[in-house]
J.: 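Okay, here's the structure, questions in a sec.
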Amino acid sequence: MPVSDSVDRDDSAGEVGSGDGLPINELFCSLQGEGRLAGVPSVFVRTSGCNLRCWFCDSYHTSWEPTHAWMDLETILAEIESYENAEHVVLTGGEPLIHETAVDLLEELSARGYHTTVETNGTVVPDAPIDLASISPKLESSTPTPERAPAGVDAGQWEQRHEADRIDLEALTSLVETFDFQLKFVVTDDGDMPEILDLLAELREASDEPIRDDDVLLMPEGATREQLAATRTRVAQLAIDHGFRYTPRLHVDLWNDAPET
Ligand SMILES: C[S@@+](CC[C@H](N)C(=O)[O-])C[C@H]1O[C@@H](n2cnc3c(N)ncnc32)[C@H](O)[C@@H]1O
Ligand SMILES: Nc1nc2[nH]cc(C(=O)O)c2c(=O)[nH]1
Ligand code: SF4
Ligand SMILES: [Mg+2]
């Protein structure tokens with residue numbers, strides 16, 4: 001569903017409001033491009049609005065400039081069901097879990113027998129049925145600074161706010177204890193590894209559930225083929241060196257991360 005027809009732009013700081021529905025940026029069928037289900041045909045539901053502002057966000061129109069059409073649950077479910085072969089649904093954003101209605105959507109999808117993956121930054125713990133929590137905690141290298149912000153935006157107050165909110169150890173612990181999960185770190189360069197290793201040690205200490213090296217995925221930063229080409233070989237080597245998984249970004253390789261891919 002292209003949302004270009006009836007979009008709202010929301011200039012608030014990320015709280016896109018609540019209501020009987022969800023702010024939807026795009027809804028499409030593709031292959032899961034990331035993580036342990038990479039390659040699986042899936043319907044993607046992308047909500048708008050985020051509580052963080054990664055400088056590299058590949059979904060700028062859900063975070064820095066939230067853009068969406070409001071859709072009620074029935075319409076969203078009907079669009080999902082129109083993709084007759086799809087068994088997997090990926091709920092993503094923006095940060096999908098800032099919207100209370102995301103829980104209703106996940107309950108409806110579970111009742112209809114879909115496998116659900118939620119792509120989340122790990123700062124919100126929902127009381128919802130989720131088959132795979134795909135958690136991507138945000139590292140210091142994601143923080144927007146005056147030198148490191150998307151073109152044309154003033155990162156302003158977001159440097160402090162993002163830095164303060166990006167890691168919530170209690171929420172991360174609760175997520176890994178509650179759901180089948182993967183921890184998917186966006187890696188910009190070697191300098192990210194100490195923070196990843198420290199966070200993992202803290203999480204392993206805090207969590208009652210084991211976190212295996214196999215649950216940890218390193219994903220190269222890059223929203224275009226060119227950017228990805230500059231990071232992926234190094235990130236693959238880091239995965240080998242540390243015994244973590246590497247995840248490709250198939251949608252970037254295949255379609256250069258075009259809308260609705
Ligand atoms: C747009 S986010 C939406 C879900 C949630 N807000 C999050 O960050 O996990 C979807 C996935 O894309 C990743 N991502 C965003 N921008 C990226 C970039 N430039 N390179 C690599 N991964 C990126 C995020 O880390 C996350 O795993
Ligand atoms: N094909 C494809 N796979 C994805 N996996 C996670 C995505 C996301 O933006 O959350 C994504 C996406 O945008 N496209
Ligand atoms: S948390 Fe996710 S959606 Fe929000 S700015 Fe970062 S990558 Fe984008
Ligand atoms: Mg994406």
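Note that the structure is predicted; figures quoted are calculated from it, not measured. When a ligand or atom number is given, it counts from 1 through the structure's own listing order.
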J.: Using a strict 4.0 Å cut-off to heavy atoms of E119, name the atoms of ligand 1 that fall inside it.
T.: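 So the answer, numbered in order with elements, is 4 (C), 5 (C).
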
J.: Between the candidates G33, S136, G94, which shows the shortest non-hydrogen contact distance to atom 5 (C) of ligand 1?
T.: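 Ranked by closest heavy atom to atom 5 (C) of ligand 1, first place is G94.
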
J.: So is R46 in contact with ligand 2, going by heavy-atom distances below 4.0 Å?
T.: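 Yes, R46 has a heavy atom closer than 4.0 Å to ligand 2.
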
J.: Report the member of E221, R249, E34 with the shortest heavy-atom distance to atom 23 (C) of ligand 1.
T.: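 The nearest heavy atom belongs to R249.
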
J.: Is the closest heavy atom of P220 to ligand 1 under 4.0 Å?
T.: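 Yes, that is the case, since the closest heavy atom of the residue is under 4.0 Å from the ligand.
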
J.: Does any N/O atom on V186 come nearer than 3.5 Å to any N/O atom on ligand 1?
T.: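 No, there is no polar N/O contact under 3.5 Å.
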
J.: Is C57 close enough to atom 8 (Fe) of ligand 3 to have an N, O or S atom under 2.8 Å?
T.: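 So C57 does bind atom 8 (Fe) of ligand 3 by this criterion.
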
J.: If hydrogens are left out, which of V90, L37, T261, T120 has an atom nearest to atom 2 (C) of ligand 2, that is, the closest non-hydrogen atom?
T.: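 Going through V90, L37, T261, T120 one by one, T261 has the nearest heavy atom to atom 2 (C) of ligand 2.
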
J.: So is G94 touching ligand 3 or not, going by heavy atoms under 4.0 Å?
T.: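 True for this residue.
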
J.: Would you check whether K138 has a nitrogen or oxygen atom less than 3.5 angstrom from a nitrogen or oxygen atom of ligand 1?
T.: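 In this structure, K138 places an N or O atom under 3.5 Å from an N or O of ligand 1.
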
J.: Run the numbers for me: atoms of ligand 2, each under 4.0 Å from some heavy atom of S30, listed by number.
T.: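 So the atoms of ligand 2 that pass are 1 (N).
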
J.: Looking only at distances, please establish whether an N/O atom of ligand 1 is found under 3.5 Å from an N/O atom of F56.
T.: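 Min N/O separation from ligand 1 is below 3.5 Å for F56.
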
J.: Please indicate whether any nitrogen or oxygen in D58 is less than 3.5 Å from any nitrogen or oxygen in ligand 1.
T.: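 N/O-N/O distance below 3.5 Å exists for this pair.
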
J.: Around atom 13 (C) of ligand 1, find the nearest protein heavy atom and jot down its residue, atom name and distance.
T.: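 So the nearest neighbour among protein heavy atoms is M219 CE, 3.7 Å.
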
